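Every value quoted in this text rests on a predicted model; they were computed, and no experiment measured them. We name chains A, B, ... by the order of the sequence lines, and we start the count at 1 in each one.
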Amino acid sequence: MPLTFEDVYRVVRLIPKGRVMSYSGVARLCGAPRSARYVGFALHALLHRNPRGVPWWRVVNVHGRISNIYAPLEQQRRLEAEGVQVDEALRVDMQRYDAEELVAARLRTHRSLR
DNA sequence: CCAATGACCGTAA
DNA sequence: GTTACGGCCATTG
């Protein structure tokens, strides 16, 4: 199944304030578990224009690390503003903040991926 | 139109 | 801990 940027944005918009998700987690919930890289491509496109306020800063890599090379400090600042602790290595505690299960449950409740 | 372009991840050595 | 590699594909200049 082809995965569009909008599919990615739809899931990212469901990440609650003060929580994060990994690129691979977003890919999984989009139904394309091997497309983590593609999630990065979709978020990269937001640098040019982010009309619908997609909360890109809530996506980090699977280790909890901020891997955005364009605006890492802005991402850190936005996360901290929401109460997410970011350490000196630009990492967050995934055990504590990963919202994948939460968002997955919300997707199930709201009936599938649309 | 079409080739280049990208914020990744899991596995293996 | 390290490097390497394949999977992934819509968007855009």
What's the [atom1]-[atom2] distance between [X] and [N], to the nearest Å?
{"X": "A/R58", "N": "B/dA7", "atom1": "CZ", "atom2": "C1'", "value": "17 Å"}
{"X": "A/L43", "N": "B/dG6", "atom1": "CG", "atom2": "C1'", "value": "11 Å"}
{"X": "A/I69", "N": "B/dG6", "atom1": "CD1", "atom2": "P", "value": "9 Å"}
{"X": "A/L46", "N": "C/dT11", "atom1": "CG", "atom2": "P", "value": "12 Å"}
{"X": "A/E74", "N": "B/dA7", "atom1": "CD", "atom2": "P", "value": "16 Å"}
{"X": "A/H48", "N": "B/dT5", "atom1": "NE2", "atom2": "C1'", "value": "14 Å"}
{"X": "A/L3", "N": "C/dC8", "atom1": "CG", "atom2": "P", "value": "12 Å"}
{"X": "A/Q76", "N": "B/dA7", "atom1": "CD", "atom2": "C1'", "value": "16 Å"}

Check A/S35 against A/A27 and note the closest heavy-atom contact, atom names and distance. C-CB, 3.8 Å
Heavy-atom pair of closest approach, residues A/M94 and A/V62: CG-O, 4.1 Å
Any side-chain heavy atom of A/R13 within less than 4.5 Å of one from A/V54? yes
Are A/F5 and A/Y38, when compared by the centres of their aromatic rings, separated by less than 6.0 Å? yes
Salt-bridge criterion met for A/E6 and A/R10 (N-O under 4.0 Å): no
Distance between C1' atoms of C/dA10 and B/dG10 (Å, rounded): 23 Å
B/dC9 versus C/dG1 - spacing of their P atoms, nearest Å: 15 Å
Taking any heavy-atom pair under 4.0 Å as a contact, classify A/I66: base, sugar-phosphate, or nothing. nothing
Should side-chain heavy atoms under 4.5 Å link Ile, Leu, Val, Met, Phe, Trp and Tyr, which residues sit in the same cluster as A/Y70? A/L47, A/I69
On DNA chain C, more 5' by nearest nucleotide between A/F41 and A/F5 is A/F41
Only one of A/S22, A/S67, A/S24 passes side chain to side chain contact (heavy atoms under 4.5 Å, CB included) with A/N61; say which it is. A/S67
Partner of A/Q95 under side chain to side chain contact (heavy atoms under 4.5 Å, CB included), picked from A/V92, A/D98, A/D93, is A/D93
Can you give me the N/O atom pairs linking the protein to nucleotides 8-10 of chain B at distances under 3.5 Å, or say none if there are none?
residue : atom : partner : partner atom : Å
B/dC9   : OP1  : A/V62   : N            : 2.7

Can a donor-acceptor pair be found, under 3.5 Å and without considering hydrogens, that links the side chain of A/R58 to the backbone of A/V12? no
Would you tabulate the pairs of protein nitrogen or oxygen atoms and nucleotide nitrogen or oxygen atoms of nucleotides 11-13 of chain B closer than 3.5 angstrom?
none

